[in-house]
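First up is the structure itself, then whatever we jot down about it.
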Amino acid sequence: MELTKRLLEIQTILKTVRQDGDESKESGGSALQLPSIVVIGSQSSGKSSVLEAIVGQEFLPKGTNMVTRRPVELTLINTPESDEEYGEFPQLGLDRIRDFRRIQRTLYDLNMSVSETECVSDKPVELRIYSPHVPDLRLVDLPGYIQVVNRKQPPVLRQRIRDLCESYLKQPNIILAVCAADVDLANSEALKASRRNDPLGVRTIGVITKVDTAEPDTAVHMLTQNDYPLHLGYIGVVCKPVKERVGRVPHEIVLSEAQYFGRHSEFQQPGVQIGVGTLRRKLVRVLEESMRRSLSNLVDAVRSELEETRYQIKVHYNDERISPESYMAESLDALKQRFKVFQQQFGKPQLRAEVQRWLESQVMNVCAELYWSNPGVRDLSNHSDDMYWSHQLDRASALLTKSGVGRWTTQMVVDLLMDSVVTMVDNEPFVHHPETRAAVLNFSHTILRNKYHPTVDQVENTIKPFKYEIEIESHEWSKARKRSTALVDNEIRLCRQALKKTQSKIPRKQLQQAMQFVRNAEKRESTQTNVDEMGYAQFSPRLLRDAQHTLMVQDRLSILHLRRKALMSSACASAENKRFCPEAFLDVVAEKLAYNAVLFINYELLQDFFFQFPRELDANLYYGKTLQQTREFASQNPRIGQQLRLLERRQKLELVMTRLHELVRQQTASEQRDYRTTTDGASSSSPTYNRPFPGL
Ligand SMILES: Nc1nc2c(ncn2[C@@H]2O[C@H](COP(=O)(O)OP(=O)(O)OP(=O)(O)O)[C@@H](O)[C@H]2O)c(=O)[nH]1
């Protein structure tokens with residue numbers, strides 16, 4: 001009994017090892033498997049009734065609609081120290097179920113989850129029953145064999161049931177072949193299956209059910225016949241349901257069974273085994289013996305699995321230690337580290353450079369719109385028409401200051417920060433953690449969104465004065481002059497590049513002819529449409545567009561050269577002539593806007609984001625995570641998931657190995673004791689005692 005109990009506990013651990021490991025080892029033949037008692041029989045042969053009589057509770061689903069559609073792997077655990085009787089479905093994670101009708105309903109639902117067209121499934125239902133009244137046993141209830149399929153059932157059903165049963169009938173399992181007394185043994189599907197898998201009949205127990213439905217003499221003949229011999233013999237039972245139930249079910253059944261056998265003296269003869277009690281005792285004994293025989297093989301199998309697992313850990317992971325918690329902490333630390341590096345690289349100077357760059361591009365746009373596209377700009381170098389150019393400068397300055405600097409610069413910084421966060425989480429290990437990635441983006445977005453409007457308002461308020469008056473120090477002007485010259489140089493470079501690009505794709509002569517054509521057409525003051533129409537025959541519309549573009553760029557280039565000369569001239573040396581040097585003036589404005597915008601964006605937005613990000617990271621992704629959530633997180637990374645599975649597997653196998661060592665030690669000691677008593681004390685001096693488990 002003790003051996004079975006200990007091995008059942010070990011088997012529970014091994015079951016999880018098998019589930020974690022190779023799925024293909026799941027079905028019957030795994031070396032890590034211990035023997036179970038497999039109950040087979042034709043439909044309605046009385047399998048459920050026998051099982052319930054053994055357990056002493058009514059818990060199996062009943063009905064005519066083929067209610068056993070999946071294997072039910074039933075582990076009975078004897079709990080002598082407690083009065084409590086309850087069941088557990090480990091796969092469902094349900095708490096102790098004390099109401100056996102609820103267990104029955106759950107089993108019914110699990111069976112009915114297999115559709116009527118599918119009819120049977122090889123996915124087992126695991127059920128454990130704890131009670132002081134049950135023996136330590138492991139049984140498997142299987143769908144009953146059927147003779148003919150009904151209209152709704154698939155024609156292959158018979159074969160599928162047979163295949164499913166067959167997968168459970170392999171060594172080292174014990175077969176409980178259930179045959180009803182009202183059916184000839186020659187037609188028993190259970191005995192046929194048993195003979196296919198256990199031809200010598202050494203691990204099959206025959207159970208003749210419904211003994212009350214046959215004549216006692218016939219029943220006794222069935223129990224003692226030699227036509228279908230089984231080493232473990234046949235046991236006759238009566239599990240007839242009791243109509244009026246008072247008290248516990250097994251008591252009722254055993255009582256009615258005892259009454260029946262008591263009434264018929266035919267059963268009282270040597271060699272006739274009868275009664276659920278006898279069956280229970282036999283099952284316990286046979287299973288224990290089978291467990292003992294399997295022990296040595298199991299030790300070898302566990303050792304080899306353990307060695308293989310250790311090898312895998314060594315080869316693939318160099319024995320590196322890791323846990324879900326450490327992986328999660330490392331991943332989040334890596335993100336914090338990336339954020340820190342970004343924070344160090346993105347201070348006020350970088351922020352100013354970004355804002356200034358954006359504002360300078362705005363300056364170039366304003367210059368292009370109000371100056372470089374203006375035909376009169378060629379006269380600007382001659383310092384003519386004071387009034388007009390003063391007015392134009394005010395317009396340009398207003399365009400810049402009223403262009404929504406607060407909104408644009410804040411949005412630009414927000415985009416920049418979000419892009420940086422995206423880059424941080426688009427790398428290992430977060431590519432494996434889409435929810436975490438989304439959570440990081442989500443809280444980053446929330447921090448920035450909450451800060452967006454206050455920052456925009458602050459920036460707009462601070463630049464308001466520049467809409468009316470701008471004071472320029474001489475050093476500011478000279479710096480702006482230099483910068484704007486560089487910006488014009490850059491524009492010149494871009495124009496040259498554009499020209500080169502067009503010239504490289506169109507033959508020189510062809511382009512020149514097209515340009516000449518466009519020039520002539522413009523001289524004739526033709527409209528755009530006319531240009532296209534007139535040139536259509538001679539030049540393709542595309543060529544004409546390229547020619548027009550080239551002329552425009554050439555024109556812009558000559559203006560830019562003029563502007564560069566003007567900026568370098570002594571006239572632009574001081575801010576007094578700012579109306580003739582709009583590029584330098586607008587650059588001063590941009591510089592002042594950038595300075596003030598950065599001041600407040602940094603204070604209102606950036607500092608706050610840098611402060612909040614790591615805290616939100618901890619609050620959202622680290623604190624309060626359950627072990628289960630941490631495990632799920634780690635398993636999302638395939639490499640880490642595999643490593644953790646292997647480590648867990650090793651841990652379980654080591655635990656099993658320790659327990660097996662202890663069991664074997666106890667077994668050896670007890671066998672040595674038996675040996676000494678049977679050899680009348682002489683064995684104590686025998687040096688050649690053959691240890692039953694030489695592997696240990
Ligand atoms: N008279 C009598 N009837 C019994 C006995 N054992 C079971 N029955 C009845 O036989 C019928 C079938 O019994 P079950 O235990 O449901 O048989 P089963 O093999 O589990 O049936 P399936 O799950 O459908 O394959 C039920 O109506 C039981 O009440 C018995 O010893 N004597």
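Order of listing sets the numbers, starting from 1, for every ligand and every atom in it.
The closest donor-acceptor contact from the side chain of Asp136 to the backbone of Ile77 lies at 3.5 Å or more, if one exists at all.
Using a cut-off of 4.0 Å between Lys/Arg side-chain N and Asp/Glu carboxylate O, Glu632 and Lys625 are scored as not salt-bridged. Ionic pairing of Glu288 and Arg285 is not present here: no N-O contact between side-chain nitrogen and carboxylate oxygen is shorter than 4.0 angstrom. Using a 4.0 Å cut-off between charged side-chain N and carboxylate O, Asp163 and Arg160 make no salt bridge. Using a cutoff of 4.0 Å between basic side-chain nitrogens and carboxylate oxygens, Glu662 and Arg6 are not scored as salt-bridged.
When only interatomic distances are considered, the shortest N/O to N/O separation between Asp212 and ligand 1 falls below 3.5 Å. Remark: ligand 1 and Gly46 share an N or O pair separated by less than 3.5 Å (distance only, no angle test).
For ligand 1 and Thr213, the ligand atoms under 4.0 Å from any heavy atom of the residue are 1 (N). Atom numbering of ligand 1 starts at 1 in the shown order; those under 4.0 Å from a heavy atom of Thr68 are 23 (O). Listed by number with element, the atoms of ligand 1 under 4.0 angstrom from any heavy atom of Lys47 are 15 (O), 17 (O), 18 (P), 19 (O), 20 (O), 22 (P), 25 (O). Ligand 1 places these atoms under 4.0 Å from at least one heavy atom of Ser49: 6 (N), 7 (C), 13 (O), 14 (P), 15 (O).
When non-hydrogen atoms are compared, ligand 1 lies under 4.0 Å from the backbone of Ser42 (N, CA, C, O) but not from its side chain. If you look at Val50 next to ligand 1, there are no close heavy atoms at all, none under 4.0 Å. Residue contacts with ligand 1 for Leu60 are absent, since no atom lies close enough (heavy atoms, distance under 4.0 Å).
Closest to atom 8 (N) of ligand 1 by heavy atom, among Glu52, Gln43, Lys210, Lys62, is Lys210.
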Which atom pairs, donor and acceptor, lie under 3.5 Å between side-chain atoms of residues 176-188 and protein residues at least two apart or in another chain?
{"unit_1": "Asp184", "atom_1": "OD1", "unit_2": "Ala186", "atom_2": "N", "d": "3.2"}
{"unit_1": "Ser188", "atom_1": "OG", "unit_2": "Ala190", "atom_2": "N", "d": "3.3"}
{"unit_1": "Ser188", "atom_1": "OG", "unit_2": "Leu191", "atom_2": "N", "d": "3.1"}

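Contact annotation: Cys239 has at least one heavy atom less than 4.0 Å from an atom of ligand 1.
Residues meeting the side chain to side chain donor-acceptor pair (under 3.5 Å) test with Thr204, sequence neighbours left out: Ser194, Asp198.
No side-chain donor-acceptor contact under 3.5 Å links Ser265 and Gln268.
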